[in-house]
Undergrad: 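Okay, handing you the structure first.
A, B, ... follow the sequence lines: proteins, then strands. Residue 1 opens every chain.
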Amino acid sequence: MAISGNLGGGSSPSREMAFNMKLLGAHELNGNGNVGEGISIQKTRDGRRILWVAHESAPTNFTGIDVTDPRKPKVVIQTQLPHSRVRSNSLDVVGDVMCVAYQTRDLGAKPAGFELFDISKPEEPKSISFFDCSGPHSRGVHMVWFVDGKTVHISSGAEDFEPHDPRDDQIYRIIDVSNLSKPTEVGRWWAPGTKKGDKETWRTDPGGKELGRTGYRVHNTCVWPQRPDRAYLGYIDYGAVVLDISDRTNPKMVSRWTHRPAFHHSLMPLFSRDLMVMSDESTQDGAKDWPMLVWMLDAKDERYPTSISTLPMPPVETFSKRGGRFGAHNLHDNVPVETSHCSEEIIYCAMFNGGVRIYDTKNPYQPQEIGYYVPAAPALSPAGAAQMNDIWVDENRLVYTVDRLAGGIYILETTF
Amino acid sequence: MNAAAKIPVSVITGFLGSGKTTLLGKLLRHPGMNRVAVIINELGEQSIDHDLVQTSSEQMMVLDNGCLCCRVRGDLQETLVDLWMKRRNGETIDFNRVVIETTGLADPAPVIHTMITDTSVCNTYTLDAIITLVDAVNGNEQLDTLEEPVKQAAVADRLVITKTDLADPAEVEVLETRLRELNPHAAIIRCVMGDLDPSFLVDVGVRHREASEKAIENWLGSESFVPVQGAGSASAIPGGRLAASAPARRLPKGQHTAGVDSFCLYYDTPFSWKTFSVAMEVLTSLRGPDLLRVKGLLDIEGEPGPVVVQGVQHLFHPPVTLDAWPSADHRSRLVFITRNIPRAMIENLVGAILATAASAPAVPAKADATQAS
């Protein structure tokens with residue numbers, strides 16, 4: 001049967017789309033609705049819930065939003081960056097301590113590192129310490145992973161790290177912050193051959209550079225309490241990497257999985273199921289870098305991850321034309337903190353103009369999409385469409401998602 | 001995927017002239033039904049109320065209240081999949097329910113089969129309710145003389161007696177009693193000119209893994225059966241498993257509806273999934289066409305909550321395990337609506353398989369078993 005006719009408005013980015021998800025509240029963050037890849041929720045001692053977000057680019061550093069009533073989010077604090085050629089992009093919260101990344105546009109610029117804040121009074125964040133990662137070949141910290149209160153795992157440059165290719169400037173660094181006032185590096189790891197002076201041949205993928213690669217640099221650096229001896233890295237063009245960090249001073253590669261020299265963004269194990277979820281990141285408008293997907297990997301033997309399926313995406317033919325980026329990006333990373341929901345079966349994804357999408361992976365060979373929400377294009381978005389950049393699911397299963405360019409935050413409930 | 005994550009589908013059926021189009025027209029005016037996609041079988045009667053339709057020249061159209069309406073010439077499966085693709089693509093309204101109006105001459109079983117067994121459909125949709133309309137003026141005669149109305153009534157989750165204002169009240173009483181006899185698990189309502197609260201017709205199925213006792217009973221309708229201890233009671237079944245039941249009310253001889261029977265069987269001890277699957281496989285292979293409807297809530301060994309099963313004729317929906325038992329009553333219960341199958345035959349068959357299983361070595365767990373189909 002052919003279907004034709006006016007079916008209710010066509011595929012317009014100006015129209016919200018929803019399936020099994022319902023918008024409870026939203027906030028454009030006082031005109032600073034460009035949010036990066038840092039979301040976390042704090043439960044304050046006076047009983048409030050503060051959503052903290054890092055901004056994708058200057059001038060805003062981070063914003064704290066009171067989401068105690070998710071239908072009425074209120075900005076309680078918004079801070080500014082020291083100049084326009086630095087951004088925060090990433091943050092994490094443990095208890096009353098927040099870790100914020102700083103990444104500069106220019107090599108050698110400052111501030112480049114991360115800063116720890118006391119946020120026991122959310123309206124008055126107080127700097128505890130700053131860990132400097134600046135250097136002649138560094139842009140500072142792109143992502144932080146701070147979930148145990150003692151260690152910050154970062155993707156960062158370093159003063160003493162000189163890559164062959166400036167695009168390979170972010171490496172994995174382990175920073176001990178058990179003394180919050182004195183962060184101390186305890187270990188690091190990089191793709192063999194990317195550092196000048198390495199004995200390995202740096203280009204390990206034949207033709208990798210010629211394929212227009214983004215860089216052999218690390219993106220997400222995650223460690224979960226189920227396996228404190230393992231770090232799970234999305235190492236952009238290099239692949240998804242599992243590291244043995246039982247000796248944190250000397251990490252060793254356990255496995256590396258790659259589908260092509262594309263943007264491997266994050267790697268999340270589903271520990272009880274011997275599975276891993278690997279998300280790409282689309283970085284080009286109009287899905288020019290399609291397919292950027294979320295991959296299900298069999299990890300019965302962690303040395304040999306095996307692709308078994310991808311999460312089904314909406315049609316690229318339609319979404320590539322909606323404006324801005326379309327494709328995989330951040331997952332809700334099962335962040336092991338009190339205010340985060342962790343699921344070994346349900347995967348929550350932010351997919352730029354594809355909105356946020358939820359998948360049931362009970363059958364990992366045939367994941368099912370069980371919910372989605374695509375906001376209407378934010379009024380001032382230069383992309384002309386929503387660009388969902390990151391996602392957080394709280395312990396009550398409310399979903400918080402953010403727009404990369406203009407829309408700010410969206411708070412949703414699921415109805416399945 | 002949890003059934004609650006899928007789009008519920010209501011199937012409205014009923015013989016020619018039973019008032020399906022009138023009911024649908026009224027329902028679609030209800031504010032709570034503004035995100036509904038309506039699929040109308042082209043072989044049906046007159047088109048849907050023209051006041052509601054913006055244009056009748058297209059196969060799919062948006063009605064004044066925001067509903068989506070399309071007409072099926074071809075395959076229902078294809079239509080449902082296309083609808084979902086359009087929705088996901090942002091090319092339709094975000095409908096959150098589908099209502100299928102079948103032709104009055106249709107045997108509803110193929111539609112139900114599509115809903116419960118077609119993988120591409122089951123991935124997205126879940127059958128919520130089968131709503132059968134019966135014309136109060138002609139219903140008794142149709143039940144006496146035609147096969148389709150009997151089957152339509154037998155498979156229903158909800159029965160709507162229409163045109164009661166035009167019929168002799170005594171005839172309506174007889175019709176209602178016959179329908180209750182025919183299908184005790186379906187709630188019955190009388191209706192004039194399609195005036196009906198939509199809540200009677202929606203969210204009938206068990207859609208939530210944490211479904212309440214009331215929701216389960218509503219769907220299963222097992223409360224409609226009065227348990228009696230009789231032939232085939234505990235002593236007849238190995239393991240003392242069975243407590244049978246009988247219909248609550250009986251019609252005078254001669255007013256039964258040809259060969260159709262309904263009953264609910266209770267089992268006190270858990271099944272293994274393998275045993276249940278074998279029982280249903282044997283039953284469907286022997287008498288599939290006459291198993292008009294099977295619904296069950298099962299206590300399966302190793303499962304944390306009850307397992308919901310349902311089937312029509314020879315096909316069964318994939319089982320759904322609920323999070324927990326909704327009450328202290330953990331007995332398995334199976335509702336059967338059959339044609340020319342005596343209850344004793346099913347009791348004996350299940351009993352024999354249980355007896356065989358009881359004397360056999362340990363059986364595999366559910367994950368290793370074959371689904372009844």
Undergrad: Heavy atoms only: give me the nearest A:M17-B:R88 pair and the separation to one decimal.
TA: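 Minimum heavy-atom separation between A:M17 and B:R88: CE-O, 3.2 Å.
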Undergrad: For A:E16, which atoms come within 4.5 Å of any heavy atom of chain B: side chain, backbone, both, or neither?
TA: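 Answer is backbone: N, CA, C or O of A:E16 sit under 4.5 Å from chain B.
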Undergrad: Count the heavy atoms of every other residue, nucleotide or ligand shown that sit under 6.0 Å from CD of A:E338, and state whether that count exceeds 12.
TA: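 No, the 6.0 Å shell around CD holds no more than 12 heavy atoms from other groups.
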Undergrad: Which bit of A:M21 is near chain B, if near means a heavy-atom gap under 4.5 Å: side chain, backbone, both or neither?
TA: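 Neither the backbone nor the side chain of A:M21 comes within 4.5 Å of chain B.
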Undergrad: If you apply the rule side-chain contact (heavy atoms from CB on, under 4.5 Å), what do you find for B:N123 with A:Q366, and how did you get there?
TA: CA-CA 10 Å; B:N123 282 346; A:Q366 292 182 311; over 6 Å; no
Undergrad: To the nearest 0.5 Å, what is the distance between OG1 on B:T124 and CD on A:Q368?
TA: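 If we round to the nearest 0.5 Å, B:T124:OG1 and A:Q368:CD are 7.0 Å apart.
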Undergrad: If you round to the nearest 0.5 Å, how far is CD of A:E317 from CG of B:N89?
TA: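 One finds 8.0 Å between CG of B:N89 and CD of A:E317.
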Undergrad: Taking all non-hydrogen atoms of both residues, which atom of B:K6 and which atom of A:F19 are closest, and how far apart?
TA: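 Shortest heavy-atom separation between B:K6 and A:F19 comes out as CA-CZ, 4.4 Å.
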Undergrad: For the CG atom of A:N20 and the CG atom of B:N96, what is their distance to the nearest 0.5 Å?
TA: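 Those atoms lie 9.0 Å apart.
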